[in-house]
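What follows is a short report on a single structure.
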2 protein chains.
Amino acid sequence: MTKILIIGGGGMIGQKLARQLAADGWQGQVAEVTLYDVGFPSNCAEAHRRIVGNLTGNGAATGLAATRPDIVFHLAAIVSGEAEQDFDKGWQVNMFAGWSLLEALRGEHEASGGSYQPRVVFSSSIAVFGAPFPDQISDDFLSSPLTSYGAQKAIFELMLSDFSRKGYVDGVSIRLPTICVRPGKANKAASSFFSSIIREPLNGRKVILPVSDSLRHYHASPRSAVGFLSHAASLDTGLLEGRLSLNMPGLSCTVAEQIEALSDIAGAGTVALISSVEDPEIARIVGGWPQDFDSARATALGFRSETSFCDIIQTYIDEDLGHS
Amino acid sequence: MTKILIIGGGGMIGQKLARQLAADGWQGQVAEVTLYDVGFPSNCAEAHRRIVGNLTGNGAATGLAATRPDIVFHLAAIVSGEAEQDFDKGWQVNMFAGWSLLEALRGEHEASGGSYQPRVVFSSSIAVFGAPFPDQISDDFLSSPLTSYGAQKAIFELMLSDFSRKGYVDGVSIRLPTICVRPGKANKAASSFFSSIIREPLNGRKVILPVSDSLRHYHASPRSAVGFLSHAASLDTGLLEGRLSLNMPGLSCTVAEQIEALSDIAGAGTVALISSVEDPEIARIVGGWPQDFDSARATALGFRSETSFCDIIQTYIDEDLGHS
């Protein structure tokens with residue numbers, strides 16, 4: 001039975017991934033799924049085990065590695081806004097805890113005489129990129145992050161690539177677009193408003209738009225994100241030819257186009273719940289983020305996302321509206 | 001008096017930089033120069049202080065930062081071949097010791113109420129790049145290293161950029177071409193032979209060429225490297241617009257062109273001291289390295305290097321031949 005560990009399993013994507021694994025199994029078979037996180041929601045997804053813990057804690061990573069999962073999804077992170085505000089916490093969790101995980105897995109690889117070589121799927125981010133950009137970012141564009149979060153994601157990608165090149169693990173990093181529409185409450189990510197401006201009006205609540213509606217950004221739904229993770233976990237990594245970080249496909253659109261799609265689906269009365277109040281700090285962070293990608297490699301490797309923002313809103317309505 | 005700290009001051013480039021500072025001072029004034037390294041050559045360059053120590057040691061970085069140098073040259077590294085052979089040592093020195101240094105400097109920045117913000121010049125490397133490449137690598141090409149050394153250099157660049165963006169230090173990373181002709185003995189760098197095939201015959205000794213002479217690579221002399229470091233230390237970093245890593249200018253040529261230049265300068269008898277015996281491990285590492293760059297940004301910022309391999313050989317003859 002395939003042993004799957006989801007670090008950050010209490011988070012939004014981790015929970016959706018766990019639900020999919022509970023429903024469909026792994027490649028048609030029942031999988032043994034362990035969720036690890038600092039906490040879990042009250043309506044937590046089913047799993048064989050749930051472990052409450054912090055990957056920065058002493059011995060935490062070695063304890064997890066000792067169970068020798070076949071697949072490790074590393075989704076845990078301090079999000080962009082919080083990593084910007086709390087420099088130490090961001091580096092401790094997003095870099096040092098990641099290093100501990102890789103070292104612990106390498107320890108098991110060596111203890112096994114080299115036979116244990118887990119697939120590690122890392123949820124990286126388009127925040128590894130920093131302005132100025134071309135109109136579409138290509139697969140060989142440099143990573144020059146403008147946030148601590150982006151720097152930490154880029155660094156873990158480099159570590160994972162080197163541990164994989166050495167054969168200690170078998171890694172792949174997927175650079176997620178902004179995930180939209182996030183269910184539940186707003187979080188500390190600077191990108192949180194991209195979801196709030198759709199989610200809150202659909203729930204009959206007022207919401208503030210903190211940036212200009214001409215801002216263009218790059219989105220994929222939580223359902224696509226789960227699809228990316230599953231696909232990455234079963235990918236033939238030999239096809240990556242040593243470049244283990246992949247820009248995921250997504251939908252590029254402006255905030256105005258997001259709102260237009262909301263109007264098409266839910267009407268002008270819903271859109272009227274949005275009011276504009278610029279937040280210079282959020283505008284500064286998000287203004288340095290990418291707007292569009294030519295994700296040719298990932299597309300050729302079979303990764304798929306939505307092609308209209310209406311589809312993204314519909315995914316939220318189908319999966320999450322009224323469920324929390 | 002400007003306080004200058006050279007970490008890795010016992011190494012070849014550190015020594016040449018120290019000699020230049022002793023001779024010319026810093027911007028026309030006498031500078032207070034401290035050299036820090038695990039050891040120093042017997043014919044060590046003059047300096048106000050020499051400290052024998054290891055940056056990985058407990059309290060080493062905080063001790064150095066406490067002296068509040070105005071300029072820190074961070075040149076210390078485990079070289080590519082050794083970092084490939086000793087995974088732990090490479091990461092400890094090239095990543096973790098670098099982190100300690102940045103954290104220690106940030107500590108002084110904060111203790112000073114923000115007034116202390118040292119210039120940090122990091123000697124990075126074109127090993128941050130990994131094949132496949134375009135014929136010329138542009139300034140916005142991705143970093144996808146194929147060695148642990150390259151990954152560690154790329155990671156320190158990202159850290160230095162983020163600490164600089166936060167204002168804790170004022171950093172710049174210069175990605176050095178392969179430095180050629182290195183004086184003295186061969187070292188454990190996989191690139192060592194690029195120098196040996198020139199240096200050893202000029203000293204009347206036989207030497208082995210471990211790769212095909214059709215291999216193209218990218219070179220600059222030690223004199224150019226010292227020039228890059230000095231220029232980086234006095235650069236207006238505001239001009240870098242947040243992209244603090246610069247590909248240095250260099251000379252692209254094949255091994256055959258290197259040997260032809262040697263023949264022009266020293267004759268066929270000298271060239272006859274070179275014999276070819278392929279080393280697959282060196283060929284593998286070096287075959288994944290870049291061959292040529294369009295270093296437009298660095299050139300626009302005033303960095304300069306040699307334009308012929310004969311000039312590179314002549315620099316060795318002028319500065320080093322017969323001096324060791």
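As a basis for the values below, the full set of heavy atoms in this structure was taken, side chains included, without hydrogen atoms, waters or symmetry mates. These figures come from a predicted structure and were not determined experimentally.
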Legend entry - Contact leader toward chain A among B:S143, B:A154, B:S245, B:P132, where contacts are heavy-atom pairs under 4.5 Å: B:P132
Legend entry - Nearest-0.5 Å distance that lies between atom CH2 in A:W91 and atom CH2 in B:W99: 5.5 Å
Inset, instruction - For chain B, find which of A:D139, A:D88, A:L244 contributes the most heavy-atom pairs closer than 4.5 angstrom. - result: A:D88
Legend entry - Contacting moiety of B:P134, where chain A heavy atoms sit under 4.5 Å: neither
Inset, instruction - Answer yes or no: are there more than 12 heavy-atom neighbours, outside B:D135 itself, under 6.0 Å from its atom CG? - result: no
Legend entry - A:D162 CG to B:E84 CD distance, which is reported to the nearest 0.5 Å: 7.0 Å
Inset, instruction - May I ask you to check whether A:S148 and B:R165 show a side-chain donor-acceptor distance below 3.5 Å? - result: yes
Inset, instruction - Can you tell which part of B:F156 gets under 4.5 Å to a heavy atom of chain A, answering side chain, backbone, both or neither? - result: neither
Inset, instruction - Could you pull out the closest heavy-atom pair between A:R243 and B:G130, with the gap in Å? - result: NH2-O, 3.0 Å
Inset, instruction - Name the member of B:R106, B:E103, B:M159, B:M95 that forms the most heavy-atom pairs with chain A at distances under 4.5 Å. - result: B:R106
Legend entry - Shortest non-hydrogen separation from A:L142 to B:F141 and the atoms involved: CB-O, 3.6 Å
Inset, instruction - May I ask you to check whether over 12 heavy atoms, not counting those of B:D236, lie within 6.0 Å of atom CG? - result: yes
Legend entry - Whether over 12 other heavy atoms sit under 6.0 Å from B:Q136 CD: yes
Legend entry - Spacing of CD1 belonging to A:I155 relative to CD belonging to B:Q152, to within rounding of 0.5 Å: 12.5 Å
Inset, instruction - Indicate the ring-plane relationship of B:Y168 and A:F87, choosing parallel, tilted or perpendicular according to the 30° and 60° boundaries. - result: perpendicular
